[in-house]
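It should be emphasised that the depicted structure is a prediction, and the values quoted were computed from it without experimental measurement. Positions are given from 1, in the same order as the sequence printed here.
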Amino acid sequence: MRASTRVIWTVSVLMLAAVSDAIFPLPFLPFLPGFNNVHDHDDVEVAKPVVTGGKAGGKRRSGGALEAQTNWPGKWELFLENSGVSAMHAGLMPLINQVQFYDATIWRISKIKLPPGVPCHVVNAKTNKIDCWAHSVLIDVNNGAIKPLSLATDTWCSSGGLTVNGTMVSTGGYGGGANTARYLAACPNCQWHEYPQALAAKRWYSTQATLPDGKFFIIGGRDAMNYEYIPEEGQNNKKIYDSLLLKQTDDPEENNLYPFVIKEFPQLPGGSRNYPGSGSSALLPIHLYMKNPKVIPAEVLVCGGTRHDAYYRASKKVFEPALQDCARIRINSAKPRWKIETMPTPRVMSDTVILPNGDILLVNGGKRGCSGWGYGKDPNFAPTLYKPRAARGKRFRELAATNIPRMYHSVAIAIPDGKVLVAGSNTNDGYKYNVEFPTELRVEKFSPPYLDPALATLRPKIATSPKQIRYGQNFNVKVNLNQKDVTKQSLKLTMLAPSFTTHSISMNMRMLLLGVGGVNPAGGASFEIQTVAPPSGNVAPPGYYLLFAVYKGVPSTGEWIQIV
């Protein structure tokens, strides 16, 4: 696919409405014509220095919780030798714990055929040319079982997200797929339903984001300087809205594809972060309390990327070093300002993953070049751990390296057992193997440092938790944990929204650190955590989340919980 180059000088935030009703009311105001919220610079808060904890011999984060210490660098394992479909796009399906991979139907080939009884797709009715390959698979994250699914419209460089009920909504793509909305419910025998005229504009390299009421809007894409609201399944949208931000950031090299969206902020210097410069971003975990202020502080992290003309230079066989910076900004500060940090290594085309304990994993990508076929070089094999609550200068740690290059079209997703599923890498137009970076079908799992076997006794287990909660509802979670010094400072609850991941952007990924009212013994080696649900859809859109109990930085296996 042709890489592109428009520089998005004013960076915008993908994970929307991580603040209060006072800032992001409905209808969604930041994109209305003339909306502007640029402010003067202001420093973000600097985390307090790390201090040694007491009895546990751990260290205390700036957030106040003790954290168990380990020098274990993590571990890679080969999960699947052949995923069947190259993982250009990926999303974790709620309840069934299966990951959806799909690529581009235009190639008319993959490594897995459609199952018996599923008709082949008719590519050309005049010539009766058919395509019997699957371009979508569901993979069980526990046992690796693969279920091939049929897709007819082209999903190449599309976008996606999950509805309140856990249905995946895939939008846009290439050619005849550009106006399409596709729906896949989270059930063992569900199939894709495709609506080729659902979108009013063609969406190729666009961003889909979840609104506070659980509905979606979609913005940008090649030659689409606008946005629209995704209609209900089976309906077609006819109305689009111009985006002043996208028009202002348009340039001949298209570096505002897959835009980071929401609110305009001061320029982040150094180069391009959007596709094809392809830095990656995350809304940092949102700290909640039993009683929250009207405006809840929220920060965004943007890491890596490349100089804004990297695509042009790569086309001339000049592969520039990737950027080596990470930048944080308080998105609801009256005077937001970027705060710059330096990663251990340069990184472009990386994936940013929020881990169950609130740490951030930077994985995949290269050290030179940019996105595009053959335009990235020097794979970055070693992931980097970023601890957002540690003191500045002590936040980064390089972890154990893989031996599989994960370049253009790679993905990474946190899964319920606390590991990270890593797949994809296809720098080629089609499935090709006798090239510098072959089409990659192997799937790996990475175990972060908190899964150090030496910390196994610290790992809690959720015994009981509600399946559904409502905004502001008090609820309890029972946890099994054979430890003595269990307090509300050492035992936390997190809620992680599963993302739709493609092209170094994780759409709708967010984490909530829930407020804890108390942690009380519940008989034997059990404890009951008193907590409260998020206050509104502006902080946490309705839908499915993975609920984790975290003791001294070590998370349990996640349980699905739904905000309704």
Check the side chains of [Y] and [X] for a donor-acceptor pair under 3.5 angstrom, ignoring hydrogens and angles.
X      : Y      : answer
Thr557 : Asp417 : no
Asn508 : Ser499 : no
Ser170 : Tyr102 : yes
Ser504 : Ser280 : no
Tyr408 : Asn364 : no
Gln562 : Tyr545 : no
Thr402 : Glu444 : yes
Thr439 : Ser86  : no
Asn403 : Trp76  : no

Tell me if the [atom1] atom of [X] is crowded by more than 12 foreign heavy atoms within 6.0 Å.
X      : atom1 : result
Asn71  : CG    : no
Asn142 : CG    : yes
Lys75  : NZ    : no
Lys445 : NZ    : yes

Considering all heavy atoms of both residues, which atom of [X] and which atom of [Y] are nearest to each other, and what is their separation?
X      : Y      : answer
Leu547 : Leu514 : CD1-CD1, 4.3 Å
Ala412 : Val420 : CB-CG1, 4.1 Å
Lys367 : Pro346 : CG-O, 3.7 Å
Leu355 : Met511 : O-CE, 3.1 Å
Gly369 : Val348 : O-CG1, 3.9 Å
Ile354 : Ala282 : CG1-CB, 4.3 Å

Before accepting this row, confirm whether a basic side-chain N of the pair [X]/[Y] lies closer than 4.0 Å to the acidic partner's carboxylate O.
X      : Y      : result
Arg307 : Glu320 : yes
Lys339 : Asp325 : no
Glu299 : Arg328 : yes

Is the shortest heavy-atom distance from the side chain of [X] to the side chain of [Y] under 4.5 Å?
X      : Y      : result
Leu399 : Leu361 : yes
Leu301 : Ile360 : yes
Lys467 : Trp560 : no
Ile296 : Pro535 : yes
Val169 : Phe500 : no
Pro388 : Asp359 : yes
Val363 : Phe446 : no
Phe548 : Leu493 : no

For the side chain of [X] and the backbone of [Y], is there at least one donor-acceptor N/O pair under 3.5 Å apart?
X      : Y      : result
Ser350 : Arg347 : no
Lys419 : Ile415 : no
Tyr258 : Cys157 : yes
Asp452 : Pro449 : no
Arg510 : Pro285 : no

- Hey, can you tell me if Trp338 and Phe265 have their rings parallel, tilted or perpendicular (30° and 60° cut-offs)? perpendicular
- Task: Hey, can you tell me if Tyr275 and His503 have their rings parallel, tilted or perpendicular (30° and 60° cut-offs)?
- Result: perpendicular
- Item | Tyr551 vs Val486, side chain to side chain contact (heavy atoms under 4.5 Å, CB included): CA-CA, chis, key distance, verdict | CA-CA 8 Å; Tyr551 176 67; Val486 179; 4.1 Å; yes
- Item | salt bridge (charged side-chain N to carboxylate O under 4.0 Å, His left out) between Lys552 and Asp485, worked out | CA-CA 10 Å; Lys552 295 184 178 180; Asp485 55 342; 2.7 Å; yes
- Query: side chain to side chain contact (heavy atoms under 4.5 Å, CB included) with Gln100: which of Val137, Leu184, Leu92, Val85?
  - Reply: Leu184
- Task: Could I get the full list of side chain to side chain contact (heavy atoms under 4.5 Å, CB included) partners for Ala87, not counting sequence neighbours?
- Result: Phe101, Val411, Ala423
- Rounded to the nearest 0.5 Å, what separation is found between the CG atom of Leu385 and the CG atom of Leu362? 8.5 Å
- Apply side-chain hydrogen bond (donor to acceptor under 3.5 Å, both in side chains) to Thr501 and Ser506, showing your working. CA-CA 4 Å; Thr501 300; Ser506 292; 3.3 Å; yes
- Task: Step by step, work out the side chain to side chain contact (heavy atoms under 4.5 Å, CB included) result for Leu66 and Gln489.
- Result: CA-CA 7 Å; Leu66 290 170; Gln489 285 73 39; over 6 Å; no
- Task: Go through the steps to decide whether Glu67 and Val550 satisfy the test side chain to side chain contact (heavy atoms under 4.5 Å, CB included), and finish with yes or no.
- Result: CA-CA 10 Å; Glu67 181 178 286; Val550 182; over 6 Å; no
- Message: Pair Ile529, Val479 - check side chain to side chain contact (heavy atoms under 4.5 Å, CB included), show working.
- Response: CA-CA 8 Å; Ile529 307 173; Val479 172; 3.7 Å; yes
